[in-house]
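To keep things clear, I will list the structure first and then write my remarks on it.
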Amino acid sequence: MARHVRQPAQLRSVRRVAIVAAFALTVPVAVAPAAKAESAAAPNAVITWNRHAQTAIYEVARQSPTTTARSFAMVQGAVYDAVNAIAGKPYKPYLIAPRTRPGDSTAAAVAAAAYNVLLSLFPGQASSLRAQYDEALAAIPDGRAERGGVAVGEATAAAMVAARQNDGAFSNATWRVGTEPGQWRQTPPDFLQVGAWVATLKPFVLDDPGDFDTPGPPALASAGYARDLNEVQAVGSATSTVRTPEQTEAAIWWDDPRLVEWEIKRNLATTYRLGNLQAARMFAMADLAAIDTLIACYKEKWRWSFWRPVTAIPLADTDGNPATTADPAWTPLRITAPSTEYPSGHACFTSATLGAVRKFFGRDNLSFSASSVDSGTTRHYDSLAVATAELLEARIWAGVHYRTAVVDGDRLGKQVTREVLSRF
């Protein structure tokens, strides 16, 4: 059931009434002339194929949230180049700008670009992907326009697939496991290590994401560490008596592996009536910023290799800090991901995604919503900043991160996104 978000005490309460939502549909968004020429009546092929991408990437392949970032960036980068080329290159291409002819079908180009990238990623899904592709082309009149659009999409997909060959994805890199206080250990349940390869992944835009660093987690003996641990121990426990029902819902909502950020982008593209070009541009900005941010973030995770609350709280009697207390039976509200603690990958990702969206629209006060299967609820926001701030709190409410990890992850995401968008 859809309902408004009640923010924690440290955040301003967000409320809106129906008239605000109606007004939001009429708010003009700054777009290029080429985008204004797109038919508002035609289905937005970019949004449609973004949904198809989610089906292939997560619903079928069940890629981890971190791994999905690479896949979405590949799809949306190729789609953007295809649509941008047909629109007359009003924006700088990401990889290439194939030759086009007047009348080339944008819908065919989007379908061909997305389909061919997804097919390269998931050859085992060839049958279902082909069915979606054939359905898309069946809605386009046969002829030169369709053939031209397909050729453009195939070209941008081929360029993307070639650019990501041997980029380090899915290598056998592992996290460093330690036994000393503060060092990361494998987190329960007995997950296999995943995601360490992201730290060495070839960047999509930046020369070296390692140019961005963080100050590191607080020293175990410090007052700051004690504050961090005691906070998550109290509010992030599976049996917490201080976490409110609203906070519990938010923690579950933001932790859904069907990342709500995917739906937020589609919701914004629909609410603000973006055409194919502008939707493609927004998705590409967000997804390319997100993947390079995660590379930088995971480099820092590997560098610091700090222990998670699920490890630290039961072992607090070994940390040398008299202000912490061990609880051997402590468990978090949500399952802890099998990656190191600092900085928070989700904070890095959401900061980058919503930061790129803010840059695209040129404003923060946007109305949007998204639903979570895990929580069974829909949450509404009138500000990107409020949504980001709630995500930072939600990682603590979920019991999976300390405050320092989310604050520094958010800061890192902002820094990397600024640099990515200054180049692309």
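Keep in mind that this is a model prediction, so the values were computed, not measured. Hydrogens, waters and symmetry mates play no part in the numbers below; they use all other heavy atoms, side chains included.
Using a cutoff of 4.0 Å between basic side-chain nitrogens and carboxylate oxygens, E300 and R303 are scored as salt-bridged. Between D255 and R334 there is a salt bridge, with a side-chain nitrogen of the basic residue lying less than 4.0 Å from a carboxylate oxygen of the acidic one. We find that K299 and D213 are not joined by a salt bridge, their nearest charged nitrogen and carboxylate oxygen being 4.0 Å or further apart. No salt bridge links D287 with R70; every basic N to acidic carboxylate O contact stays at or beyond 4.0 Å.
The side-chain heavy atoms of H401 and R308, taken from C-beta on, include a pair separated by under 4.5 Å.
For Y342 and W184, the distance between ring centers is not under 6.0 angstrom.
Counting only residues at least two apart or in different chains, salt bridge (Lys or Arg N to Asp or Glu O under 4.0 Å) contacts with residues 345-354 are absent. The list of salt bridge (Lys or Arg N to Asp or Glu O under 4.0 Å) pairs with a residue in residues 47-60, not counting sequence neighbours, reads E59-R62, E59-R258. For the side chain to side chain donor-acceptor pair (under 3.5 Å) condition, the pairs that include at least one residue of residues 74-84, sequence neighbours left out, are N50-Q76.
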Please report, to 0.1 Å, the donor-acceptor pairs under 3.5 Å made by any side chain of residues 117-127, with sequence neighbours excluded.
residue, atom, partner, partner atom, Å
S120, OG, V117, O, 2.6
Q125, NE2, A56, O, 3.0

Taking only distance into account, with no hydrogens and no angle test, what donor-acceptor pairs under 3.5 Å do side-chain atoms of residues 348-358 form with protein atoms, sequence neighbours excluded?
residue, atom, partner, partner atom, Å
T350, OG1, E261, OE2, 2.5
T350, OG1, H346, O, 3.1
S351, OG, D410, O, 2.9
S351, OG, D410, OD1, 3.1
S351, OG, K414, N, 3.3
T353, OG1, F349, O, 2.9
R358, NE, D364, OD1, 2.8
R358, NH2, D364, OD1, 2.9

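In terms of the salt bridge (charged side-chain N to carboxylate O under 4.0 Å, His left out) criterion, residue partners of R164 (sequence neighbours excluded) are, by chain and number, D167.
Both cation-pi conditions hold for R281 and Y91: the charged atom is under 6.0 angstrom from the six-membered ring centre and inside a 45 degree cone around its axis.
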